[in-house]
Amino acid sequence: MDLGPIDLDHTLSCGQAFRWKKRDGRWSGIVAGEEVVLEQDGDEIDVQTGLSERELRDYFRCDDDITSIFKEIGKDRYVAGLLRKYQGLRILRQDPWECSASFILATYANVPRIIQMVENVCRTFGTRLPEGSYAFPTPEQIIKKSDEAGTCGLGYRCARFVQFARSVHLGEIDFNMLKRASYQDCVDGLIRFDGIGNKVADCVAIFSLDHLEAFPIDVRIGRAIEQQYEVQGSYRKVSEWARQHFGRYAGYAQEYIYYDQDARNRSVSRRR
DNA sequence: AACCAGGTCTCGA
DNA sequence: TCGAGACCTGGT
């Protein structure tokens, strides 16, 4: 299947989604409750899934005009280098509920632990698929046996996670409306919920609600921006600077910078 | 064995 | 509007 210019390794391991695993050269994950297995050989990607081609192309954002996106953020010298270095890293379009619930768990934890927490949640509440893995649970599945949330190792995030499931189940958040809304209205709509601050809201906005100008700032991005551009300060100040500097696809630049910082960390830990 | 993690919340200035 | 402290817990 043709998913456009994409590198699965970069795209699925960069920390935007937490449910993809690579084994024996194949990536397997679950999208919209369906198992997806992908194997990339150069430009060829072999796909095994019950998902329709339309759904898969939607998930991989094949509708994006990637050329003009790269042209735009590539105006920055540093990012231009990263575009070459990590060619084929793409932003995904994830399910808003799964994305927001996952990033509520992602606060103040490292990626391996986030993956573990999400996996625990899926095994505890989610539907078991024929292949043996579990789908990400619906809000209702979580509410029905919320007393078991304590066994998932979520720490202080547990109460927020369950409460958010309740809010979503009660229809207190309209993701489709947030998609159509302006970036700022989208963030304002997300940030009302306990456990969603600036950073999580930006992650949800870019990874699931089509607001590619969202620029999530974690500690590593903060450091990188300070080093590369000598810009620092409050979240609001830095993120506004980033949208100004990188333009309407600022979030795409953010993901390349984040991945580069991640790669540096990985090589440091190998050296130890 | 400490250290730190894709932050958020609360509170005071 | 901003900065400082506390915070569950498990990888590394």
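Each chain gets a letter, A, B and so on, in the order its sequence line appears, and its residues count up from 1.
- For T107(A), counting side-chain heavy atoms from C-beta on, the closest listed nucleotide (dA5(B), dC9(B), dG7(B)) is dG7(B).
- Note on ring orientation: taking the six-membered ring where Trp is involved, the planes of W20(A) and F60(A) are tilted (angle from 30° to 60°).
- Atom NZ of K21(A) is surrounded by 12 or fewer heavy atoms from other residues, nucleotides or ligands within 6.0 Å.
- The hydrophobic cluster containing V37(A) does not contain L3(A), counting ILVMFWY residues as joined when their side-chain heavy atoms lie under 4.5 angstrom apart, directly or transitively.
- Atom OH of Y156(A) and atom P of dT8(B) are 9 Å apart (whole Å).
- In the set dC8(C), dT8(B), dA5(B), the nucleotide with an atom closest to the side chain of V219(A) is dA5(B).
- If you check every strand for non-hydrogen atoms under 4.0 Å, E255(A) touches a base.
- Across the protein-nucleic acid pair, R157(A) atom CZ and dT9(C) atom P stand 9 Å apart, rounded to whole Å.
- Remark on DNA chain B: of its neighbouring residues C14(A) and I196(A), the 5'-side contact belongs to C14(A), judged by nearest-heavy-atom nucleotide.
- Using atom P as the reference point in both dC8(C) and dA1(B), the two lie 24 Å apart (nearest Å).
- In this pair, Y108(A) does not lay its aromatic ring on the base of dC8(C); centres under 5.5 Å and planes under 30 degrees do not both hold.
- Of all nucleotides listed (dG10(C), dG3(C), dT1(C)), dT1(C) comes nearest to the side chain of R236(A).
- The side chain of R160(A) approaches dC9(B) more closely than any other nucleotide in the set dC2(C), dA5(B), dC9(B).
- Candidate nucleotides dG3(C), dG7(B), dT9(C) were compared by shortest atom distance to the side chain of S234(A), and dG3(C) ranks first.
- Comparing P112(A) and A109(A), the nucleotide of DNA chain C nearest to each residue sits closer to the 5' end for A109(A).
- Note on Y259(A): nothing from the nucleic acid sits closer than 4.0 angstrom, heavy atoms only.
- For N110(A), counting side-chain heavy atoms from C-beta on, the closest listed nucleotide (dG10(C), dC8(C), dT8(B)) is dG10(C).
- Residue R223(A) places at least one side-chain N or O under 4.0 Å from the OP1 or OP2 atom of dA5(B).
- Going from atom CG of D262(A) over to atom P of dC4(B) covers 17 Å, rounded to whole Å.
- Between the P atom of dA5(B) and the CD1 atom of I221(A) lies a distance of 13 Å, rounded to the nearest Å.
- Separating the CD1 atom of I191(A) from the P atom of dT8(B) is a distance of 8 Å, rounded to the nearest angstrom.
- dT8(B) atom P lies 12 Å from atom CD1 of I114(A), rounded to whole Å.
- What separates CD1 of I217(A) from P of dC2(C) is a distance of 12 Å, to the nearest Å.
- F246(A) and W241(A) have perpendicular rings, their planes meeting at more than 60° on a 0 to 90° scale where under 30° would count as parallel.
- Between F193(A) and E172(A), some side-chain heavy-atom pair lies under the 4.5 Å cut-off.
- When the C1' atom of dC8(C) is taken as reference, atom CG of N120(A) falls 14 Å away, rounded to whole Å.
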